[in-house]
Visitor: 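Right, I'll just put the structure down here and ask away after.
FYI, side chains are in, hydrogens and waters are out, and symmetry mates aren't considered; it's all heavy atoms of this structure. Fair warning: this is a prediction, and the values are worked out from it, not measured in the lab. Each chain gets a letter, A, B and so on, in the order its sequence line appears, and its residues count up from 1.
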4 protein chains.
Amino acid sequence: MDKELEDKATGPKPRHVPSERPGPVGGKRDQNRRRRTRELCEAGLALFLEHGTESVTIDQIVEQAGIAKGSFYRYFKDKEELVETLFAPLQEALEDNFNTCAQAVKEASELPGLLFAYQEFAIRLNDIFFENRQLILLYLQENRAPAHGARKAIGALAVSITKGANALTNAAEVHGLLRPFDPRVSTLAVIGALERILFGFLRDEDVGEFELLAPSLISLIFDGLRFGDQDAHST
Amino acid sequence: MDKELEDKATGPKPRHVPSERPGPVGGKRDQNRRRRTRELCEAGLALFLEHGTESVTIDQIVEQAGIAKGSFYRYFKDKEELVETLFAPLQEALEDNFNTCAQAVKEASELPGLLFAYQEFAIRLNDIFFENRQLILLYLQENRAPAHGARKAIGALAVSITKGANALTNAAEVHGLLRPFDPRVSTLAVIGALERILFGFLRDEDVGEFELLAPSLISLIFDGLRFGDQDAHST
Amino acid sequence: MDKELEDKATGPKPRHVPSERPGPVGGKRDQNRRRRTRELCEAGLALFLEHGTESVTIDQIVEQAGIAKGSFYRYFKDKEELVETLFAPLQEALEDNFNTCAQAVKEASELPGLLFAYQEFAIRLNDIFFENRQLILLYLQENRAPAHGARKAIGALAVSITKGANALTNAAEVHGLLRPFDPRVSTLAVIGALERILFGFLRDEDVGEFELLAPSLISLIFDGLRFGDQDAHST
Amino acid sequence: MDKELEDKATGPKPRHVPSERPGPVGGKRDQNRRRRTRELCEAGLALFLEHGTESVTIDQIVEQAGIAKGSFYRYFKDKEELVETLFAPLQEALEDNFNTCAQAVKEASELPGLLFAYQEFAIRLNDIFFENRQLILLYLQENRAPAHGARKAIGALAVSITKGANALTNAAEVHGLLRPFDPRVSTLAVIGALERILFGFLRDEDVGEFELLAPSLISLIFDGLRFGDQDAHST
DNA sequence: CATGAATGAGCGTTCATTCAT
DNA sequence: TATGAATGAACGCTCATTCAT
């Protein structure tokens, strides 16, 4: 997990701290600042996963991070901002991926181009997944709960994902790739199935060998959704 | 919702309260007891849905129920027990349905018998769904979060459902109904897709007309999972 | 001080507590409630006098009152409401007195009637002063400080007093009782002198014998300080 | 206000800082030191006036002054010392004026000399008032509150003023200038009236034209409010 | 020496739970 | 038995002060 957060923590800076800092970038102070931020993010993420965002207290976070209570508030206005900071890079990466794919799909005129676009999307999604396992687990744990307080950022991510997936489904529909189902329903079905399987995997439920997960899932989706006879598809 | 809870609340009695009460069953005191329990359950459910189980306080519940705070503890040991009481009848109904179906599947030797068993299962499931919409929404909101504290009963229900579904899938597999996927994966996929669509429906997301939901979903599942050519089935 | 607060504490009830209480008025619960409120008021007043309203913490108040911290909030929303509750009866008494006097002055057509009205006012003021010494001392200590937070009620009282005094001065002027000075200035001068002397008295500064205070002050106001032929005056 | 503080801030130096500083007096370092001290004093005074001394935090002061938090403690041990530094020059000026006047009164044997001494006193007082309006307003806001913590210096000034005024009144009494009132009472009356009017003026209450304030006040003090034949006096 | 990051005691407030009435 | 008052631990957050850079 250490590695998972290393970059993210330096991403969106808390806005209430003066942007002008003493000491050069990369200097001792800058290093300390980054380390503290990362430690708080790590501590927070671990605790959120174990107890749920709502239940975790600032006291627990700072204890886990090994810093003083007051220091938390130098880095984050409150728990909500910490969660925002945690999810911001993931949200951005996912939105990027959705946008890129939607663009490619829009521009593709032939089936091979379309499939290539989806394949690229899947590959990138796979990368994002592996780079953000803990975060995605947290998302899966909480994304349906009321998006109040500290869960605001999670709700935003859920909305973002639903939108992106709908855009993709619509694009696929335009190209006549789908069987005549309501695309809103098939989108939800795919998202639901995918999320549940990822959740099982991340929670160490027994889901078989991981290498088989992706092809199984893709086959399930395609053979369920794809229009026409179903022998031809190849992952 | 009123009706939804009427029976449930009288189901499993809190265990820390002497089961022997003064007054005859159905008498004035018994009636009062049932009414208050139901009011607390209703109030709790509504608040849990809006704010999440963790965030809701006993104060909020008793205020919503129009009951004194101290009285809460006469009926429930704590919030956890209230949630338990809420979910117990649903859990029982689902387990019943799973068991009945599994039994029927095990005893079925021919395809028609199998399909009949599944159909019965689906019909009963549909009933349960409509009789417990609020409760199921709460379940969907929270079932992946850490099952500590007040969420223990929700976690238990999740485990119960996964087990039941796995049993069913396994039974189907034994009968050679499924394409050669890891049944653990296809179970999760089906559960995930189903839950996500129900969630969307209960949350008033735009999922198209309800009448089309069930056939769409079944077709999606079957055409995705069912071995063989896919023209023959029609619900 | 005990007596000073006995009535006041039962005056304006905190508004956030349900007005319907169990138990009869005057019953044990009602007694307890009154006692607690009085204890908190006493403790608050004593501490405010010693340390200033802003500096006193809820912890100090509840410790002095000998009750649990959480109990404070059953009686008062915050420190500000406690101060409001403390000053409400005094404010009302003063406004009553001002209004009564202004009315009498307006209706008086002859000098004797006027003087009688002022005399009545002074007598009642004297009573109010003795019944509220601690409270008045607190008012004198803080009435010029910024009226934020807990001091809001004190600022309101100051405004109320200034208005009342101005009304009286204006009435006197209409009757041609005053030398041709700006009545706004003479009002302030009288208020300032009076307040400072009362403050000195309440703070146990050496201001001579109390019995001489009132006549001295009245003579000072009416005749001025200058030595000269002013034998005609009689209080 | 800028000018008002320019000199004062360089007055009494904080004692915990080595009085020997590197660099020559008036050199670059000395200049910086003086500038920062002045900026902190200005910021503090403005904030104290708006929020009250007790409520203002070091954070607010350094932010307003545009200085780092740590730097505050190089110039002042704490808020109390800042207030001391603010009031020291005013206190000194007032004491000087009182002493000078008392001395002159003591040495005067004739009425004209006495009146001249008082006149000199009044003129100097007027100057001090205009040179220290903000500071005097702060004094008037807080001088009756408990003189703990940051308010110690204000309390000291109040004591100093009372003493000086009493000395003056006593001197006047010795010369037989006053009507036979307790001089302690008349002193308080005069101080109270004066302070209240100045306070009204500085707070922009409606006190009429400023030019009329001083003569009105003097006349009020000397002649009282009573309507009558008191034409003989003229300041 | 200036800076602002770190510290932790302490504040106002909430809340689950107990208990007198 | 129903009530809501009492309790005090715990929470989120602030702030004076110290200290590394």
Side-chain angles (χ1 to χ4, degrees), chain A residues 17-18 20-24 27-33 36 55-62 66-80 149-150, chain B residues 17 21-23 29 32-33 36 55-63 67-75 77-80 149, chain C residues 17-18 20-24 27-33 36 55-62 66-80 149, chain D residues 17 21-23 29 32-33 36 56-63 67-75 77-80 149:
Chain A
V17 174
E20 295 295 328
R21 308 294 190 98
K28 188 88 182 263
R29 289 200 156 171
D30 195 54
Q31 274 178 34
N32 283 344
R33 195 157 45 241
R36 293 299 249 254
S55 306
V56 173
T57 70
I58 307 289
D59 269 306
Q60 287 177 294
I61 297 173
V62 296
I67 68 175
K69 197 171 186 180
S71 299
F72 177 90
Y73 294 92
R74 178 160 302 283
Y75 293 99
F76 303 101
K77 207 187 74 197
D78 50 21
K79 209 167 57 174
E80 183 177 335
Chain B
V17 175
R21 308 287 191 111
R29 286 190 159 171
N32 281 341
R33 195 160 50 244
R36 295 191 109 100
S55 305
V56 173
T57 67
I58 308 289
D59 272 298
Q60 286 177 293
I61 296 172
V62 295
E63 193 199 4
I67 284 175
K69 195 170 186 180
S71 300
F72 178 90
Y73 292 91
R74 183 160 303 282
Y75 294 101
K77 204 187 76 197
D78 49 21
K79 205 166 59 175
E80 181 177 335
Chain C
V17 174
E20 294 296 328
R21 309 292 190 100
K28 187 87 182 263
R29 288 199 156 171
D30 194 54
Q31 273 178 33
N32 284 342
R33 196 155 47 238
R36 292 303 246 250
S55 306
V56 173
T57 69
I58 308 289
D59 269 304
Q60 287 177 294
I61 296 173
V62 296
I67 68 173
K69 197 170 184 179
S71 298
F72 177 89
Y73 294 92
R74 178 159 301 282
Y75 293 98
F76 302 101
K77 207 187 75 199
D78 50 21
K79 210 168 54 176
E80 183 177 333
Chain D
V17 174
R21 308 286 191 112
R29 287 190 159 171
N32 280 342
R33 194 161 50 243
R36 293 189 110 99
V56 173
T57 68
I58 307 289
D59 272 299
Q60 286 177 293
I61 296 172
V62 296
E63 194 198 3
I67 284 174
K69 195 170 186 180
S71 300
F72 178 90
Y73 291 91
R74 185 158 301 282
Y75 296 101
K77 205 186 76 196
D78 51 20
K79 208 166 55 175
E80 182 178 334

Visitor: Hey, could you give me the CZ/CD distance between C:R33 and C:Q31, rounded to the nearest 0.5 Å?
Guide: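 Reported value, rounded in 0.5 Å steps: 10.5 Å.
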Visitor: Looking at CD1 of A:I67 and CZ of A:R74, how far apart are the two atoms once the value is rounded to the nearest 0.5 Å?
Guide: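 Atom-to-atom, A:I67:CD1 and A:R74:CZ are 11.0 Å apart.
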Visitor: Nearest 0.5 Å, please: how far is CD1 in C:I61 from CZ in C:F72?
Guide: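 So the CZ of C:F72 and the CD1 of C:I61 are separated by 5.0 Å.
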Visitor: What is the distance, to the nearest angstrom, from the CZ atom on B:F72 to the P atom on E:dC15?
Guide: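 Result: 14 Å.
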Visitor: List the residues meeting salt bridge (charged side-chain N to carboxylate O under 4.0 Å, His left out) with A:D78, not counting sequence neighbours, and say none if there are none.
Guide: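 A:D78: no salt bridge (charged side-chain N to carboxylate O under 4.0 Å, His left out) contacts found.
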Visitor: Does OP1 or OP2 of F:dT7 have a side-chain N or O of C:S71 closer than 4.0 Å?
Guide: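 Yes, because at least one side-chain N or O of C:S71 sits under 4.0 Å from OP1 or OP2 of F:dT7.
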Visitor: Quick one: B:Q60 CD to F:dG4 C1', roughly how many Å, whole number?
Guide: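 About 18 Å, once rounded to whole Å.
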Visitor: Between D:R74 and E:dA2, is there a contact of a side-chain N or O with OP1 or OP2 at under 4.0 Å?
Guide: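 So the side chain of D:R74 is within the cut-off, an N or O lying under 4.0 Å from OP1 or OP2 of E:dA2.
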Visitor: On DNA chain F, check which nucleotide each of C:I67 and B:A68 is closest to and give me the residue with the more 5' one.
Guide: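 Between the two, 5'-proximity favours B:A68.
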Visitor: Between B:V62 and B:D59, what is the shortest heavy-atom contact and its length?
Guide: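 So the two residues come closest at CG2-O, 3.2 Å.
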Visitor: Shortest non-hydrogen contact from B:I58 to B:Y73?
Guide: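 The answer is CG1-OH, 3.8 Å.
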Visitor: Rounding to a whole Å, what distance do you find between A:D30:CG and E:dA5:P?
Guide: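 The distance from CG of A:D30 to P of E:dA5 comes to 11 Å, rounded to the nearest Å.
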Visitor: Can you see if the side chain of C:Y75 gets near the phosphate of F:dA6 - specifically, an N or O under 4.0 Å from OP1 or OP2?
Guide: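 For F:dA6, OP1 or OP2 has a side-chain N or O of C:Y75 closer than 4.0 Å.
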Visitor: Using a 4.0 Å heavy-atom cut-off to protein, can you give one letter per nucleotide of nucleotides 16-21 of chain E, 5' to 3': B if the base is in contact, S if only the sugar-phosphate is, - if neither?
Guide: BBB-BB
Visitor: In dot-bracket form, 5' to 3', how is DNA chain F paired? Count Watson-Crick and G-U wobble pairs only if both distances fall under 3.5 Å, and write | where the partner sits on another strand.
Guide: .||||||||||||||||||||
Visitor: Would you check if the side chain of A:K79 reaches a backbone N or O of A:V56 as a donor-acceptor pair within less than 3.5 Å?
Guide: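 Pair found, side chain donor or acceptor close to backbone of A:V56.
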Visitor: Go through the structure and list residues passing salt bridge (charged side-chain N to carboxylate O under 4.0 Å, His left out) with B:E63, not counting sequence neighbours.
Guide: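 So B:E63 forms no salt bridge (charged side-chain N to carboxylate O under 4.0 Å, His left out) with any residue.
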Visitor: Could you tell me how far apart B:I61 (CD1) and E:dC15 (C1') are, to the nearest whole angstrom?
Guide: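 It is 12 Å, rounded to the nearest whole Å.
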